[in-house]
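Being a predicted model, the structure only gives us computed values, none of them experimental. Along the sequence shown, residues carry numbers from 1.
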Amino acid sequence: MLPTLGPRGRKLGICGIRIAWSTVGDGEFFCPGCGGDRNYRRRTGRRRFTVVGIPLLSRGEAGPVVECAVCTGHFGLDALDHPTTRRFSGMLRDAVHTVALAVLAAGGTSSRTVRETAVATVRGAGFEDCTEDQLTALIEALAADTGRFLPAADACGAALAIELHEALEPLAPHLAPAGRESILLQGARIALADGPYSPAEREVLATVGGALQLCADDTARLLAAARTPS
């Protein structure tokens, strides 16, 4: 039998290199070949020099690789860095929720228009059961918890800045520029619901832009554009 072509070996006439694969792990990933979420096997292998299909000599190790259970394509381990569709949706939903909380904390929750805009934004991101009371309670709880160590306003702002970086920085590399801009603009619309930006709101939105890998000039341009009626 002649050596197998493709990911299992290389044909060299009646001689060839074959790889004996072993599975060392499995899970779910976004398959670059299929373009969707698939199960995978993480595999390592050993190369063997063969003559008419008979393995004779070891030729070192192969892999590790990620093998798709559907298309059987082999990919580098960096394929696992891309979130699955389900995880990406969750990351996006959490990002918008965190931005809304940060803007509300900076500008206050006294304005009904601001609260309603924030709720609509969060619901549009996927938290369909979100209410004004829930958002207000979250901000009050955060201020009460962190305010034990620092003045409440400073502590709440610092805590939310950390939350913004944790929610946005892992997401940003997987978003197109328009997607990153959209998240910033959603926060801007919440801030503008009761009038011009306050200094605290501008500071929070600048943090959002930075965490989304938007340069300062682009962030300023987008914040100015958001103030212009469409």
Side-chain angles (χ1 to χ4, degrees), residues 89-172 175-230:
S89 297
M91 292 169 67
L92 188 59
R93 183 174 61 244
D94 291 344
V96 173
H97 184 260
T98 304
V99 169
L101 283 177
V103 173
L104 283 175
T109 59
S110 60
S111 169
R112 180 178 179 181
T113 304
V114 169
R115 296 195 308 270
E116 290 176 345
T117 304
V119 168
T121 300
V122 173
R123 286 179 176 174
F127 287 107
E128 297 177 358
D129 296 330
C130 177
T131 66
E132 293 181 27
D133 289 342
Q134 287 176 352
L135 293 181
T136 302
L138 283 172
I139 293 171
E140 291 174 350
L142 181 62
D145 183 57
T146 55
R148 292 176 299 173
F149 308 102
L150 293 170
D154 293 341
C156 186
L160 281 169
I162 294 172
E163 291 288 335
L164 284 171
H165 283 283
E166 290 181 346
L168 300 178
E169 287 180 350
L171 175 66
L175 287 173
R180 287 181 268 136
E181 293 177 358
S182 174
I183 293 176
L184 176 64
L185 289 172
Q186 289 181 72
R189 293 185 189 105
I190 295 172
L192 292 169
D194 63 344
Y197 303 115
S198 69
E201 288 170 337
R202 278 192 173 278
E203 184 177 351
V204 163
L205 291 169
T207 300
V208 171
L212 287 169
Q213 299 180 0
L214 296 170
C215 71
D217 287 345
D218 284 343
T219 297
R221 172 181 58 80
L222 290 165
L223 295 184
R227 297 178 60 179
T228 304
S230 57

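Taking 4.5 Å as the limit, some side-chain heavy atom of Val96 sits within range of a side-chain heavy atom of Thr121. Considering only heavy atoms from C-beta on, Val114 stays 4.5 Å or farther from Val103 through its side chain. Between Thr109 and Leu135 there is no side-chain heavy-atom pair separated by less than 4.5 Å. The shortest distance between side-chain heavy atoms of Val204 and Leu164 falls below 4.5 Å. Between Ile183 and Leu175 the shortest side-chain heavy-atom distance falls below 4.5 Å. Residues Thr136 and Arg115 have side chains in contact (heavy-atom distance under 4.5 Å, counting atoms from C-beta outward).
We find the CD-CG distance between Gln186 and Leu205 to be 12.0 Å, quoted to the nearest 0.5 Å. One distance of note links CE of Met91 with CG of Leu171; it measures 5.0 Å at 0.5 Å rounding. For the atom pair Gln134 CD and Leu101 CG, the distance stands at 10.5 Å (nearest 0.5 Å). If you take CD on Glu140 and CG on Asp133, they are separated by 9.5 Å, rounding to the nearest 0.5 Å.
Between Tyr197 and Leu223, the shortest heavy-atom contact is OH-O, 2.8 Å. Of all heavy-atom pairs between Leu104 and Ile190, the closest is CD2-CG2, 4.5 Å. Heavy-atom minimum distance, Arg227 versus Pro196: NH2-CB, 4.4 Å. Of all heavy-atom pairs spanning Ala193 and Thr113, the tightest one is O-CG2, 3.4 Å. Residues His165 and Ala211 share a closest heavy-atom pair of ND1-CB, 3.9 Å. Scanning both residues, Leu185 and Ala226, for their nearest heavy atoms gives CD2-CB, 3.9 Å.
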Practice problem: Kindly determine whether Val119 and Phe127 satisfy side-chain contact (heavy atoms from CB on, under 4.5 Å), including the steps that lead there. | Solution: CA-CA 9 Å; Val119 168; Phe127 287 107; over 6 Å; no
Quiz item: Taking it one step at a time, do Thr98 and Leu168 satisfy side-chain contact (heavy atoms from CB on, under 4.5 Å)?
Solution: CA-CA 9 Å; Thr98 304; Leu168 300 178; over 6 Å; no
Exercise. Apply side-chain contact (heavy atoms from CB on, under 4.5 Å) to the pair His97 and Leu138, showing each step before the final yes or no.
Key: CA-CA 11 Å; His97 184 260; Leu138 283 172; 3.7 Å; yes
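Partner of Thr219 under the side-chain contact (heavy atoms from CB on, under 4.5 Å) criterion, out of Thr207, Leu184, Leu212: Leu184 alone.
No donor-acceptor pair closer than 3.5 Å links the side chain of Glu169 to the backbone N or O of Glu166. Of the possible donor and acceptor atoms, none in the side chain of Ser182 sits under 3.5 Å from a partner among the backbone N and O of Ala178.
Within 6.0 Å of CD in Gln213 there are more than 12 heavy atoms belonging to other residues, nucleotides or ligands. Annotation for Arg123: atom CZ counts as buried by contact number, over 12 foreign heavy atoms lying within 6.0 Å.
Ion pairing between Glu128 and Arg93 fails under the 4.0 Å rule for side-chain N and carboxylate O.
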